[in-house]
Amino acid sequence: MTDWKSIPKIDAHIHLLPPDVIENNRGNGDRFVEYGSVDDYLRLMDQYHIEAACVMPFNDPYMLSMDFTVGSVHSNLLAMCRQAENRLFCFADIDIRSPIETTLELLEKALEQKEFLGVKIHPTNTGYPVDGTYYDRVFAWAEQNRVPVEIHSYPRTHLPDDVCSPSRIRNVIRKYPTLRVSVAHAGGFQYEELIGLGLYFNISAVLTDWADQYGIEKTNHILRQLNVNRLVFATDYPDNRKLAPCEIYDRYCAILGKMDFTLAEAENICKFNALRMLTL
């Protein structure tokens, strides 16, 4: 049995908050506020052999800044990453309320910094469909510049055309076939729509949900269907839907440790697939 806890890892999808946001929101019981500082996370990195992690924005500037602008979000993300140089990286944010030209300018400026590795699209938070016209220019820019795009996809199970549904991601891939895409949460319980598209899949949040609903054997089968060479370790720390922040890494390692992955496959999932996805 592979010891997943000891394998060097890249957690490709976490959330942290800047100090001023934490200080202005203390006492409300929010997991991001209580457990989302850089110092909190650095302790976990050492404990669970996490060599690097990608901090994801929310497409909601109210979550990562106190003046509620994407420019400030990017400054805060950069400052957090530089607090843990070469250990923390991030993806650029967008605000669909801004003119698309402004969004593209901010993306270009952010991606000039080595800490920014890609751009995050969160259709559920914005309430805007991933195959909508606003995102077309973002995808065209990302495809042309070989910039990885992380797309949130955890649709409501009863809505095959939810704003983040795999069916809509398929529409995006038809228009931008060489776009480098990572699907956050692997499409949730609509994952089958994405099999065979050549995408990367991170297992943040969804791994525990699949294991609870389907059991270990079927979850193991799902991960292999998605392609072991395209699976990326990720947890969504510190908010994993059902788990307390202190439980997340132990639970992930326990679930994966019950599966049939070889050590080489586990090393790919934990680290090397992410490096390939991010062209590092």
Side-chain angles (χ1 to χ4, degrees), residues 7-16 38 41-42 44-45 48-59 64 73-74 77-78 80-94 106-122 130 135 138-153 169 172-173 176-187 194 197-207 223 226-237 252 264-280:
I7 298 173
K9 301 174 189 66
I10 294 172
D11 190 329
H13 187 112
I14 68 164
H15 297 284
L16 301 176
V38 172
Y41 194 69
L42 288 175
L44 288 177
M45 293 182 83
Y48 291 97
H49 301 277
I50 302 165
E51 294 184 344
C54 293
V55 184
M56 292 292 167
F58 300 91
N59 288 182
L64 276 168
V73 169
H74 287 169
L77 287 167
L78 187 60
M80 288 190 290
C81 290
R82 287 181 174 172
Q83 190 177 333
E85 189 119 19
N86 296 321
R87 300 188 76 186
L88 292 180
F89 298 87
C90 59
F91 273 47
D93 201 8
I94 64 170
L106 288 167
L107 290 177
E108 293 218 5
K109 183 177 179 181
L111 268 293
E112 291 174 357
Q113 309 298 321
K114 68 179 180 63
E115 289 84 359
F116 283 88
L117 302 180
V119 58
K120 173 69 181 294
I121 305 290
H122 202 309
V130 68
Y135 292 129
V138 176
F139 292 137
W141 169 83
E143 185 179 53
Q144 180 180 354
N145 292 282
R146 300 296 294 158
V147 172
V149 176
E150 173 104 344
I151 299 175
H152 167 95
S153 182
I169 295 177
V172 172
I173 299 305
Y176 306 99
T178 64
L179 185 66
R180 187 178 294 272
V181 172
S182 168
V183 182
H185 325 303
L194 297 173
L197 292 185
L199 311 179
Y200 286 91
F201 299 94
N202 85 47
I203 55 176
S204 58
V206 75
L207 178 71
L223 295 179
L226 293 174
N227 188 345
V228 173
N229 294 319
R230 293 278 175 164
L231 288 177
V232 175
F233 183 88
T235 63
D236 223 4
Y237 176 89
Y252 260 66
E265 289 174 330
E267 289 172 338
N268 275 332
I269 295 168
C270 280
K271 180 177 179 180
F272 296 113
N273 290 344
L275 292 176
R276 284 188 283 269
M277 176 186 76
L278 299 168
T279 63
L280 297 178

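Quick caveat: nothing in here was measured; it's all calculated off a predicted structure.
- Side-chain contact between Met45 and Leu88 is present, with heavy atoms from C-beta onward closer than 4.5 Å.
- More than 12 heavy atoms of other residues, nucleotides or ligands sit less than 6.0 Å from atom CD of Glu51.
- Using the six-membered ring where Trp is involved, Tyr176 and Phe139 have ring planes that are tilted, between 30° and 60° apart.
- For the pair Arg230 and Phe201, the cation does not sit on the ring face, since its NZ or CZ is not both under 6.0 Å from the ring centre and inside 45° of the axis.
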Yes or no on side-chain hydrogen bond (donor to acceptor under 3.5 Å, both in side chains) for Asn145 and Glu108, after CA distance, side-chain angles and deciding distance?
-> CA-CA 10 Å; Asn145 292 282; Glu108 293 218 5; 5.2 Å; no
Walk me through it: do Leu179 and Gln144 pass the test side-chain contact (heavy atoms from CB on, under 4.5 Å)?
-> CA-CA 8 Å; Leu179 185 66; Gln144 180 180 354; over 6 Å; no
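- Closest of all the heavy-atom pairs between Asn202 and Ala184 is ND2-CA, 3.5 Å.
- Here the NE2-CG distance, from His74 to Asp93, works out to 5.0 Å after rounding to the nearest 0.5 Å.
- Closest approach of Thr178 to Arg146, counting heavy atoms only: O-NH1, 2.8 Å.
- At least one side-chain heavy atom of Leu231 sits under 4.5 Å from a side-chain heavy atom of Leu223.
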What do the steps show when you test Tyr237 against Leu44 for side-chain contact (heavy atoms from CB on, under 4.5 Å), and what is the final call?
-> CA-CA 10 Å; Tyr237 176 89; Leu44 288 177; 3.3 Å; yes
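- When the options Cys54, Ser204, Ser182 are evaluated for a side-chain contact (heavy atoms from CB on, under 4.5 Å) with His13, the one that passes is Ser204.
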Please test Glu150 against Arg180 for salt bridge (Lys or Arg N to Asp or Glu O under 4.0 Å), starting from the C-alpha separation and ending with a verdict.
-> CA-CA 9 Å; Glu150 173 104 344; Arg180 187 178 294 272; over 6 Å; no
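- With 3.5 Å as the limit, one finds a donor-acceptor pair spanning the side chains of His15 and Asp236.
- Taking 4.5 Å as the limit, every side-chain heavy atom of Val232 sits out of range of all side-chain heavy atoms of Ile269.
- The salt bridge (Lys or Arg N to Asp or Glu O under 4.0 Å) check on Glu143 picks up nothing, with sequence neighbours excluded.
- Here the CG-CG distance, from Leu77 to Leu16, works out to 9.0 Å after rounding to the nearest 0.5 Å.
- For the atom pair SG of Cys81 and CD of Gln113, the computed distance is 10.5 Å after rounding to the nearest 0.5 Å.
- Looking at heavy atoms from C-beta onward, Val73 lies out of side-chain contact with Phe58 at the 4.5 angstrom threshold.
- At a threshold of 4.0 Å, the pair Glu267-Lys9 does not count as salt-bridged, since none of the basic side-chain nitrogens sits closer than that to a carboxylate oxygen.
- For the residue pair Arg276/Asn229, the side-chain donor-acceptor check at 3.5 Å is not satisfied.
- If you take CG on Leu197 and CG on Asn227, they are separated by 12.0 Å, rounding to the nearest 0.5 Å.
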Full working for side-chain contact (heavy atoms from CB on, under 4.5 Å) between Leu194 and Ile169 | CA-CA 8 Å; Leu194 297 173; Ile169 295 177; 4.0 Å; yes
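- With contacts defined as side-chain heavy-atom distances shorter than 4.5 Å, the pair Met56/Ile14 does not qualify.
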Report the C-alpha separation of Tyr41 and Ile50 in whole Å, then their side-chain angles, then the decisive distance to 0.1 Å, and conclude whether the side-chain contact (heavy atoms from CB on, under 4.5 Å) test is met.
-> CA-CA 10 Å; Tyr41 194 69; Ile50 302 165; 3.6 Å; yes
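- Minimum heavy-atom separation, Tyr252 to Val206: OH-N, 4.1 Å.
- Between Phe89 and Leu278, the closest side-chain pair of non-hydrogen atoms is not below 4.5 Å.
- Contact record, Ala205 with His185: CB-ND1, 3.9 Å, taken as the closest heavy-atom pair.
- For the atom pair CG (Asp11) and CZ (Phe233), the distance works out to 5.5 Å, reported to the nearest 0.5 Å.
- A distance of 8.5 Å separates CD1 of Ile10 from CE of Met277, quoted to the nearest 0.5 Å.
- Residues passing the side chain to side chain contact (heavy atoms under 4.5 Å, CB included) test with Leu111 are Ala92, Phe116, Trp141, Val147, sequence neighbours excluded.
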